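The structure follows.
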There are 2 protein chains.
Amino acid sequence: MSLAQLKYFVAVAEEGNVTRAATRLRIAQPPLTRQIRSLEEELGVPLFERTARGVRLLPSGETMLAHARAILAQVDAAVVAVQAGAPVQTEAPPSVRSR
Amino acid sequence: MSLAQLKYFVAVAEEGNVTRAATRLRIAQPPLTRQIRSLEEELGVPLFERTARGVRLLPSGETMLAHARAILAQVDAAVVAVQAGAPVQTEAPPSVRSR
DNA sequence: AGATCCAATACCGTTTGGATATGGCTCACG
DNA sequence: CGTGAGCCATATCCAAACGGTATTGGATCT
């Protein structure tokens, strides 16, 4: 799993359409289709339902979407914190923290 | 920035020694050195101080280490949640959340 | 039925990542 | 001191991953 894959996944989920997501990501549709498929295979869980009009998130996809957004936000926060030279402490969010 | 890079960074930080970290990661030392360097360049911030005995975290590295661990933990949590089929909600941790 | 829209597959070139070989520097120790 | 050991950095090569183009198959809407 890569951060790019997570970014791609979020874009597809938001667009509901691989082709439009690809345009938004400034990559071509076929590689995007492959990255999504590869993510599903790595997780061992399908994330989207394919329809003739595009794709729709499955429940597992909804779960992944929330996590993916949290991860990407945390990456952004890390960059900001490090570049600001701030000694920030991090912790896992309550909903995903190990109990 | 990639998740692999973050994993590598954490290993180097924990070992304080690129060669030992490479062994632990089961990759060779030169590619690990390059990945660390590339991460520092991407961030525009040095993370380690190089000494004759190994490497030591700089303050910016300490900050990054906390964030990197949080990110990797969140990735693990995402995998577990999705594979468990659980509709978990995620949120950013307070210390890194946008205010 | 035909046009359209969409994801999927096949194939290719480029880029990235890891391995091996080697150099240079610093510290430990006689 | 000087010699050897340990460690990071650099150079070069090979393999794997990524993105692009071309094209196909299938579903929907006139």
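Predicted model only: the values in this text are computed from it and were never measured. By convention in this document, chain letters (A, B, ...) are assigned in the order of the sequence lines, proteins followed by strands, and residues within each chain are numbered from 1.
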Are the side chain of B:Arg50 and the backbone of B:Phe48 linked by a donor-acceptor contact shorter than 3.5 Å?
-> yes
Contact class for B:Tyr8 (heavy atom, under 4.0 Å): base, sugar-phosphate, or nothing?
-> sugar-phosphate
Could you tell me which non-hydrogen atom of B:Met1 sits nearest to which non-hydrogen atom of A:Val79, and how far apart they are?
-> CE-CG2, 3.6 Å
Counting heavy atoms not belonging to B:Arg24, are there more than 12 under 6.0 Å from its CZ?
-> yes
Within the side chain of B:Gln83, is there an N or O that forms a donor-acceptor pair under 3.5 Å with the backbone of A:Leu43?
-> yes
Minimum-distance pair of heavy atoms, taken over all atoms of A:Thr19 and A:Asn17 | N-OD1, 2.9 Å
Closer than 4.0 Å, any side-chain N/O of A:Thr19 to the OP1 or OP2 of C:dA7?
-> yes
Could you say whether A:Ser2 or A:Thr51 is positioned toward the 5' end of DNA chain D, judged by the nucleotide with the nearest heavy atom to each?
-> A:Ser2
Taking NZ, NE, NH1 and NH2 as the nitrogens, is one of them in A:Arg69 or A:Glu14 under 4.0 Å from a carboxylate oxygen of the other?
-> yes
Quickly work out the B:Glu49 CD to D:dC7 P distance and round it to whole Å.
-> 17 Å
In whole angstrom, what separates B:Leu3's CG from D:dA17's P?
-> 16 Å
Nearest-nucleotide 5' precedence on DNA chain D, A:Arg26 against A:Arg53 = A:Arg26
Does any residue of residues 27-42 of chain A have a heavy atom under 4.0 Å from DNA chain D, and if so, which ones, in number order?
-> A:Ile27, A:Ala28, A:Pro30, A:Pro31, A:Arg34, A:Gln35
Between A:Leu47 (CG) and C:dA7 (C1'), how many Å, whole number?
-> 16 Å
May I ask you to evaluate whether A:Arg50 reaches the phosphate of C:dA8, defined as a side-chain N or O under 4.0 Å from OP1 or OP2?
-> yes
Apply side-chain hydrogen bond (donor to acceptor under 3.5 Å, both in side chains) to B:Glu42 and B:Ser38, showing your working.
-> CA-CA 6 Å; B:Glu42 183 179 346; B:Ser38 138; 5.2 Å; no
Send over the distance from A:Phe48 CZ to C:dA7 P, rounded to a whole Å.
-> 10 Å
Mind calculating the distance between CZ (B:Arg56) and C1' (D:dC8) to the nearest angstrom?
-> 15 Å
Rounding to a whole Å, what distance do you find between A:Asn17:CG and C:dA8:P?
-> 11 Å
